[in-house]
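These numbers were taken from a predicted model, which means no experiment stands behind them.
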Amino acid sequence: MNTSPAANLRRRAAGVSLVAAPLLLLASTVYRFGLGRNFEWYATMKLSFFFFAVGALGLVHLLRGRADGSSLVGGALTLAGCLSGASLTTAVLILMTIQEGGLDPAALQTIERALNQFGGYRAIVLCPLPGPLFPAGLLILAVALWRKRVVPAWAALAFAAGAILFPAGRAAGVVWAFWVCDVLLSVSLGYIGWHVLTMTAEEWERRPEARPEVVETV
């Protein structure tokens, strides 16, 4: 089967993104909790969402012809969550800068008056409310990968566990959940990404045949 250079480029982009996204997420945790470097945490976290978006599209491609609409739902939720997560990361950096910037009381009052015109601190935090869509989308994709046996069961289960732990760390503030989530996602998605990179162009483009339904006869 003939494959276009564009199709091969999409395969490589998906594979690299699946490997890079969780590693950048892990790097952001190292910068934040290991080194206390807020700007580096911000930069790597924002970049990870970009690669997660591309990687999610790659997972949807792998699931085509196998999964039902769950893969499309999971991919859409992940993309929406990536946009919101990037905004939320910026909001958190702004709050951390204000709170830890050592500003004098007069400067803080000026900032608060400006924020109050747009809803105050609540506006900064509540604007990216669709953030939970990100781990929800990842979890749906992980379940689809497991149900359709696109990847080994251990990789799909580790992926699902990482998706579940993502809000436990980022939303609930459980520090150990940051580390475990990032390691699980790095191992599982790293394996899936490497699998995509080692596929031939024909394997990547070949549409899997739908499994025939078994009809019982009396």
Side-chain angles (χ1 to χ4, degrees), residues 12-59 77-104 107-108 110-112 114-115 121-139 158-159 161-194 196-197:
R12 291 172 180 168
V16 169
S17 296
L18 288 169
V19 174
L23 290 178
L24 286 167
L25 189 67
L26 178 59
S28 72
T29 298
V30 172
Y31 278 124
R32 182 175 182 181
F33 295 105
L35 303 176
R37 305 285 292 272
N38 289 341
F39 178 78
E40 287 79 2
W41 157 76
Y42 164 78
T44 51
M45 186 77 174
K46 291 270 282 192
L47 193 57
S48 74
F49 282 119
F50 167 79
F51 284 107
F52 268 116
V54 180
L57 295 176
L59 294 179
L77 292 178
T78 302
L79 291 177
C82 285
L83 293 174
S84 180
S87 300
L88 183 57
T89 301
T90 301
V92 172
L93 180 66
I94 292 173
L95 291 176
M96 291 172 62
T97 302
I98 293 174
Q99 294 169 355
E100 302 174 6
L103 300 176
D104 58 77
L108 287 174
T110 301
I111 293 174
E112 289 179 355
L115 289 174
Y121 290 102
R122 291 176 299 174
I124 295 180
V125 177
L126 296 180
C127 280
L129 273 180
L133 297 180
F134 176 72
L138 294 183
L139 181 59
F159 182 18
I164 293 171
L165 286 174
F166 187 92
R170 269 75 186 183
V174 181
V175 176
W176 65 264
F178 279 79
W179 297 98
V180 178
C181 163
D182 297 354
V183 170
L184 287 174
L185 291 179
S186 296
V187 172
S188 58
L189 291 181
Y191 172 85
I192 297 172
W194 180 252
V196 170
L197 288 172

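- Take Arg37 and apply the salt bridge (charged side-chain N to carboxylate O under 4.0 Å, His left out) test, not counting sequence neighbours, and it matches Glu40.
- Between Ala13 and Ser17 the shortest heavy-atom distance is O-OG, 2.7 Å.
- Under the salt bridge (charged side-chain N to carboxylate O under 4.0 Å, His left out) criterion, the residue pairs touching residues 171-182 are Arg170-Asp182, with sequence neighbours excluded.
- Partners of Leu184 according to the side chain to side chain contact (heavy atoms under 4.5 Å, CB included) rule, which considers only residues two or more places apart in sequence or in another chain, are Ala158, Ala161, Leu165, Val180.
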Given side-chain contact (heavy atoms from CB on, under 4.5 Å), test Leu79 with Leu57 step by step and report yes or no. CA-CA 9 Å; Leu79 291 177; Leu57 295 176; 3.9 Å; yes
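- Listed by chain and residue number, Ala56, Cys82, Phe134, Leu138, Leu141 satisfy the side chain to side chain contact (heavy atoms under 4.5 Å, CB included) test with Thr78 (two or more places apart in sequence, or in another chain).
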Pair Leu189, Phe52 - check side-chain contact (heavy atoms from CB on, under 4.5 Å), show working. CA-CA 10 Å; Leu189 291 181; Phe52 268 116; 3.7 Å; yes
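- In this structure, CG in Leu185 is found 9.5 Å from CG in Leu26, a value given to the nearest 0.5 Å.
- Closest approach of Trp41 and Thr44 over heavy atoms only: O-OG1, 3.2 Å.
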Derivation of the side-chain contact (heavy atoms from CB on, under 4.5 Å) call for Trp179 and Val30: CA-CA 9 Å; Trp179 297 98; Val30 172; 3.7 Å; yes
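- Partners of Phe33 according to the ring pair (Phe, Tyr, Trp, His ring centres under 6.0 Å) rule, which considers only residues two or more places apart in sequence or in another chain, are Phe178.
- With rounding to the nearest 0.5 angstrom, the CZ atom of Phe166 is 13.0 Å from the CG atom of Leu139.
- Atom OG in Ser48 sits 5.0 Å away from atom CG in Leu25 (nearest 0.5 Å).
- Of all heavy-atom pairs between Pro22 and Ser186, the closest is O-OG, 3.2 Å.
- Val19 approaches Gly190 most closely through the heavy-atom pair CG2-O, 3.8 Å.
- Minimum interatomic distance between Pro167 and Pro135 (heavy atoms only, all atoms of both residues): CD-CB, 3.7 Å.
- One finds the CZ atom of Phe159 at 8.0 Å from the CG atom of Leu18 (value rounded to the nearest 0.5 Å).
- With sequence neighbours left out, Tyr31 forms a ring pair (Phe, Tyr, Trp, His ring centres under 6.0 Å) with no residue at all.
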